[in-house]
Amino acid sequence: MKKLTYFLLLTISCISCSSENIEGFIIDKVSEQEQPENTIETPCGFNLSKVKEGETITLNCLLDLENKTINLPKNVTLDYDQGDIINGTLNFADGGKIDGRLLNSSLKIEGNTQLINNTFKFIPTRWENIVEGETNFDTALKNTTEFEKLMFQIKTLGATTFEINKFNAFFEVTTVTSTTSDQNYRASDEAVNLPSNFHLKMTNETFLRMYTSAPEKSNGFILAVKNVENVTISGGNLVGDLQTRGFNTDNPGGTGALLFGIHSGKNIKFQNVHLENGSAGAITIYSLGFPFNADYNPSTGIEILNCTFKNNRRMAISLTDGREVTIKGNSFENIGQPSTNIDGGEVGYAINLEPYRIRDNNGELIEYQKVFNVKIQDNTEKNSRIGFLTIASSKNVIVENNTIETRIAYTYSNQIKIRKNKLIAPSTNDAKFAIFAAGGSSDFSFENEIYDNEIEGYGTAIAVDTKKVDIYNNDIKNTEVGIQLTNSREINIYENTISVNNIGLLSNLTTIDKVNFYNNTVEAGGFHLKLSKVNEEKKEYKVLIKENNFVTQKSISLFYANGVDLTLNTINSGISINSSSNINITSNTINPENNDGIALIGNNSAILLEKNKIKTPIANNYTCIDNTSNIETNVSLIDNTCE
């Protein structure tokens, strides 16, 4: 084995001669750059053209190839000992190996060779074609091309990990670079792409920045994976152009760029990355082709783990086509909020699941995109403009153990489980609702569950406008309304603890059917239960209120309500029935103090009061049953007791 010595030629340039701070970006001192380990300055006294087959050369010197091409025989290894090779081409025969620390922008590698170590450490000062710091359009565009090219080159040399520490550069990603006749813009093509079976490993001193886009530009990513597999991106900072760009005033919602795109990725892990100031969001996940075509290539096995999302416009994560997706352990802050130069844009939720599908003229469903098998777990969220999560037209989504200060909503979806979340509204939040189960009477709404959640401080804890959902074992406190039902069918609400300032269960000016409210504990400041103008035109509809414990001295109110059965409840107050029909009040224990046990008012019909145990009210002028209905013959009183 021979050792070669060389003189290290290092060109150092001032990356930024300004001390302006751009989101933590100050590089005005050479000492802040990461320096290479190639420190020996003695020129080599060895000619590589004389290397023999199978020989290992350890570089502890500077070897200047003088712009020549050196052809190496088989199985030659170039090892590293603080030396370097510059200005030329090495053409390896079969079996060649080289230490990655010898690579630089002035050295071209050809032939058949692999890196000695499968981890490559990127030192920016060794790559003159990739420029750090504030720059112009052309340089930022070249950065994009050259940075991607380098990663693919390193991959072909056998590296599986590309490490970056101190690095701070801008990338222009909104320009079509294709040299073919196809000049259509595709965001995932113009970003810095990563190859398959590859790990881009960054630190908190790595900053990849979006070069400021023109106002009319829409879409764009700093990084992307497209039709690749087994990719990990970890650490680092992706910073968008939200604070520096202008927006098209005719279509501000349609302009802006994101930070990372997953386009038909397989087994993609994105973790411990900080994403900030995306002008149209942070991450989008989508796919090539359509589910009904043979070339459909869905994104599958996506993990977004332990990342921080801050000040991203419109939304943080958009999932429009993909399956087996996990979003876990992330923090979201100020998503969709207005910035100094633009409003917060559409959506306003931190996470948006929204595949596109329509019905054709014959009523047949056409699914252009699909989203299913998604887990959203252990995340924290605060101060999103509208909410934490919205789910539309999706299937089998688990939302659990998240700490949220805004809200969750779903619509036209099935097999949705919203469980074990903590939703605590801050005093500064208008907090209209915590969870909204929507979808109306859609055939796609079924097998949904909302359970084991802790909800506090909202206007309404759970709003329901859908069918086929079970709501159970939730702890609701300090809200104005516990659960509100609108246009709802086949709803089971049970074993919840509801402590509210106003109304425990509310339904108003609507129809609800096959609603079962049972085994709940309700402590209300206004009404335990208030059904107003419910099912007026739907005499066959039914609501069952069974075996609940209504704790406080607040009434149950049925006002112009139809089809309600109250049975086997403990009611520490009274029941008011006004102009209602098809009402059965049976086998309840009623303990009023300052109101009638059961008061019947107005034009009631088909009212049955049977086997209720009513305690005589404490206050004067109240009685166990006060029937002032205008049509008394339609009220049946059977075996009630007044104690």
Side-chain angles (χ1 to χ4, degrees), residues 22-25 140 144 168-174 185 187-188 190-192 202 206-225 233 235-248 251-263 268 270-286 302 304 306-320 327 330-354 379 381-390:
I22 305 177
E23 302 170 55
F25 176 29
T144 303
N168 208 323
F170 285 84
F171 299 88
E172 158 47 38
V173 295
T174 63
Y185 176 78
S188 59
E190 305 305 340
V192 176
M202 301 177 283
T206 308
F207 290 85
L208 309 183
R209 300 178 182 274
M210 176 81 64
Y211 184 80
T212 300
S213 303
E216 69 276 7
K217 292 289 186 178
S218 61
N219 217 329
F221 319 130
I222 299 173
L223 293 177
V225 292
I233 299 172
N237 301 271
L238 302 184
V239 184
D241 62 348
L242 175 61
Q243 303 297 342
T244 56
R245 70 172 292 151
F247 288 83
N248 187 330
N251 184 25
T255 57
L258 295 98
L259 305 178
F260 179 50
I262 300 174
H263 196 180
I268 309 300
F270 189 84
Q271 61 184 7
N272 299 315
V273 183
H274 178 81
L275 304 98
E276 186 165 359
N277 281 338
S279 54
I283 296 176
T284 187
I285 304 167
Y286 61 123
I302 311 300
I304 301 174
N306 303 317
C307 297
T308 60
F309 297 82
K310 187 176 181 181
N311 299 330
N312 293 291
R313 186 170 180 259
R314 297 181 68 239
M315 68 195 96
I317 300 173
S318 169
L319 170 56
T320 56
I327 302 171
N330 306 283
S331 67
F332 301 87
E333 183 176 355
N334 300 334
I335 305 303
Q337 293 290 358
S339 61
T340 55
N341 60 335
I342 191 64
D343 62 28
E346 314 102 318
V347 185
Y349 280 82
I351 304 172
N352 179 26
L353 278 53
E354 191 175 8
N379 303 283
E381 176 272 340
K382 63 180 180 179
N383 200 38
S384 297
R385 191 180 82 249
I386 298 178
F388 167 63
L389 169 65
T390 177

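When the options Asp343, Asn277, Asn334 are evaluated for a side chain to side chain donor-acceptor pair (under 3.5 Å) with Arg313, the one that passes is Asp343. Under the side chain to side chain contact (heavy atoms under 4.5 Å, CB included) rule, Ile304 has a single partner from Ile233, Ile285, Leu319, Ile351, which is Ile285.
By the 4.5 Å heavy-atom criterion applied to side chains, Met210 and Arg245 are not counted as neighbours. Looking at Leu242 and Ile342, their side chains come closer than 4.5 Å, going by heavy atoms from C-beta outward. Taking 4.5 Å as the limit, some side-chain heavy atom of Gln337 sits within range of a side-chain heavy atom of Asn383. Taking 4.5 Å as the limit, every side-chain heavy atom of Leu389 sits out of range of all side-chain heavy atoms of Asn379. Proximity of Ile283 to Leu258: side-chain heavy atoms (C-beta onward) are nowhere separated by under 4.5 Å. The side-chain heavy atoms of Phe221 and Leu238, taken from C-beta on, include no pair separated by under 4.5 Å. Between Met315 and Tyr349, the closest side-chain pair of non-hydrogen atoms is not below 4.5 Å. Here the side chains of Phe388 and Ile335 are not in contact, with every heavy-atom distance at 4.5 Å or above.
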Mind running side chain to side chain contact (heavy atoms under 4.5 Å, CB included) on Phe170 and Thr212 for me, showing each step along the way? CA-CA 9 Å; Phe170 285 84; Thr212 300; 5.8 Å; no

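Between Cys307 and Asn272, the closest heavy-atom pair is SG-N, 3.6 Å. Taking each heavy atom of Thr308 and His274 in turn, the nearest pair found is OG1-ND1, 2.5 Å.
Shown here are the ring-ring contact (aromatic ring centres under 6.0 Å, His included) partners of Phe309, two or more places apart in sequence or in another chain: Phe332.
The closest donor-acceptor contact from the side chain of Ser339 to the backbone of Gln243 lies at 3.5 Å or more, if one exists at all. Judged by distance alone, the side chain of Asn219 and the main-chain N or O of Ala257 form no donor-acceptor pair under 3.5 Å. Remark: side-chain polar atoms of Arg314 are paired, donor with acceptor, to backbone N or O of Ala280 under 3.5 angstrom.
With 3.5 Å as the limit, one finds no donor-acceptor pair spanning the side chains of Glu354 and Ser318. The closest side-chain donor-acceptor pair between Ser279 and Asp241 falls under 3.5 angstrom.
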